[in-house]
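Naming: A, B, ... by sequence-line order, numbering from 1 per chain. Every value quoted in this text rests on a predicted model; they were computed, and no experiment measured them.
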Amino acid sequence: MQDQAAANNGTVHEIQPLDALMQKIAEHKGCGSSGGAGKASCGSAAGQGDLPPEVWEKVKNHPCYSEEAHHHYARMHVAVAPACNIQCNYCNRKYDCANESRPGVVSEKLTPEQAARKVVAVASAIPQMTVLGIAGPGDPLANPEKTFRTFELVAREAPDIKLCLSTNGLALPDHVETIKRFNVDHVTITINVVDPEVGQHIYPWIFYRHKRYTGREAARILSERQLQGLEMLTAAGILCKVNSVMIPGVNDRHLVEVNRAVKSRGAFLHNIMPLISAPEHGTVFGLNGQRGPTAQELKALQDQCEGEMNMMRHCRQCRADAVGLLGEDRSAEFSTEKVMAMEVSYDAAARKAYQERVEQDRQEKVAAREAELAQPGADFGDIKILAAVATKGGGRINEHFGHAGEFQIYEVSAAGTKFIGHRRVDHYCQGGYGEEDTLDTVIRAINDCVAVFVAKIGACPKDSLKAAGIDPVDGYAHEFIEQSVIAYFKEYVEKVRRGEIAHIDKGDADIRQGAYIAA
Amino acid sequence: MAYKIIASQCTACSACEPECPNVAIQEKDGTFVIIAKKCTECIGYFDDPQCAAVCPVENTCVIDNGYPRYQAA
Ligand code: SF4
Ligand code: SF4
């Protein structure tokens, strides 16, 4: 074990500097499940940021829009829309598409009636479930009858559930009226380009008005329809978020322009997600070795766009038909067969009571953070650190290091805490096989962090983390996350000041490849 | 000739079904099939056969050489 840890340390040191890490990623382009570790991502600034109050009011309990809400609320997607009207190079529709949170067509397909039943069954069992999304497997608006029929049925039985849909935008202008009529809460449009020159490298073809278009023309039509759809939604007063997939060398530089274009047309949030690409996905990008961005490349782009508008950093690119809350997948309990056999009664009162408790909890958490920040002696200078946190939800440090399927990354500075994203990992404790390899990928996923906060951690991984320059912290077990990282940060700054430790740049981290299963 | 769907390649995404002007496409045993005698190759409706134009899997909606050429009335 010790020997192995030492061997790992070798690799760990190799990947500390950014260049070496990039080299490593380049060598293993499109690395699959064996490869990278973290999944950094997108994030609303966990709080209101500069959103207008009326918008914040609508999104604050939406797990896809507010990171903080993600601790308390869950959303589910139902796969009622199998057909698509465009082809993307990062998508092979046979399988789950990690980039667009889309289950593959091989995933369970539901009729609108089955879907509505499933939604009601899940909402009755899980009071946190407050949002229903339709995202695929194809494009919801290429299957308008199925999509809107599902919304209609759900609205009838469970009127408190918010409805949202994700679309590529091609058919959007034709459906804005209907979207409004069904009281859809939010629409997400995936916009990767606003320039057909760039777009032709992402979209091989579209099917539009009874014709297949290819090349620049396809990309031009798609872009025009997307932006027109966005403008129409804005005019109709429907909240619209834009997702973009960051594809290094293809649209990474261009996304700043996309950001400006969507902001000026009224998108309230922009979510830049890393390309997820591996040969075994069978996509064009997977097969031609197109790599995804590293954690720092992604963060740099998100930071660059943040001055322009609200960026979303907490998106996990969850698989769209998963059911659950923060890393916990309960899909198996709600298979079509089981749902059809269930006795379901929709208990709106119990759901409301639960949600009121949550609101109280959330207020306590905010109060604790404010109190810690307000304490005297906090002269932090301009030091900034990243901290990784293992959590099961509720805003607390309550997950064992070995059980964590992801780490939440916070940036801490004099300005307080800022949620940066998630890094997904394979559970370190999966019992024997390949544990050391997994530990290595975990370390790579949080390589840019100074400390990792956990409820509990074994001696062995502790040593390896320390050797990698990451401080394993279990002293704040079950405490509130933000309060704890601020308290730690104060001590950290003190130690740096006293010369006990040196503050160093921690380098880059990997983004794990592969579909995320849990919601 | 009519069009046919190569069943082993069909993902059952259903995209072709609503596009057919002749309602010639149906779901059958987990894939989609074209009823050859209803198919007009889209002649009289569109320039391109709709099923082939929308299908995400290349060469899955193809001409069925085993069937006589469609004659526009
Ligand atoms: S070619 Fe046209 S008419 Fe024939 S099955 Fe395809 S869509 Fe229908
Ligand atoms: S569009 Fe192609 S893959 Fe989809 S159902 Fe029709 S034949 Fe099958």
Side-chain angles (χ1 to χ4, degrees), chain A residues 79-97 100 102-112 135-149 168 170-171 174 203-214 217-218 221 281-284 287, chain B residues 1-65 69-73:
Chain A
V80 293
C84 198
N85 47 9
I86 70 172
Q87 179 68 49
C88 308
N89 282 336
Y90 50 71
C91 174
N92 165 345
R93 302 193 333 90
K94 273 194 185 165
Y95 304 105
D96 299 344
C97 173
E100 290 197 63
R102 214 182 30 64
V105 286
V106 291
S107 303
E108 191 176 52
K109 231 188 333 181
L110 299 172
T111 64
D139 188 82
L141 299 179
N143 305 258
E145 288 84 14
K146 291 174 186 151
T147 297
F148 292 115
R149 174 78 180 142
N168 61 43
L170 182 60
D174 303 336
Y203 305 106
W205 58 263
I206 66 169
F207 181 77
Y208 177 62
R209 304 258 191 264
H210 304 294
K211 215 173 130 50
R212 182 183 281 213
Y213 294 85
T214 58
E217 198 181 11
I221 297 171
H281 300 163
T283 60
V284 171
L287 295 172
Chain B
M1 285 177 286
Y3 270 71
K4 67 174 175 185
I5 291 170
I6 312 228
S8 61
Q9 299 186 155
C10 172
T11 65
C13 75
S14 81
C16 53
E17 185 205 48
E19 300 302 337
C20 177
N22 296 304
V23 201
I25 306 175
Q26 283 181 355
E27 187 163 10
K28 202 181 144 208
D29 303 328
T31 76
F32 282 72
V33 293
I34 292 170
I35 302 160
K37 61 176 187 294
K38 286 196 180 178
C39 170
T40 64
E41 299 163 36
C42 285
I43 292 167
Y45 296 93
F46 303 110
D47 294 344
D48 307 313
Q50 298 294 289
C51 51
V54 75
C55 180
V57 192
E58 297 307 314
N59 301 319
T60 295
C61 298
V62 292
I63 286 181
D64 183 353
N65 286 315
R69 177 93 216 181
Y70 172 76
Q71 297 293 328

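- Nearest heavy atoms, Phe207(A) versus Ala53(B): CE1-CB, 3.5 Å.
- A donor-acceptor pair is defined here as one N or O able to donate and one able to accept, closer than 3.5 Å; no such pair exists between the side chain of Arg212(A) and the backbone of Gln50(B).
- In this structure the side chain of Asn143(A) reaches within 4.5 angstrom of the side chain of Ser14(B), judged on heavy atoms.
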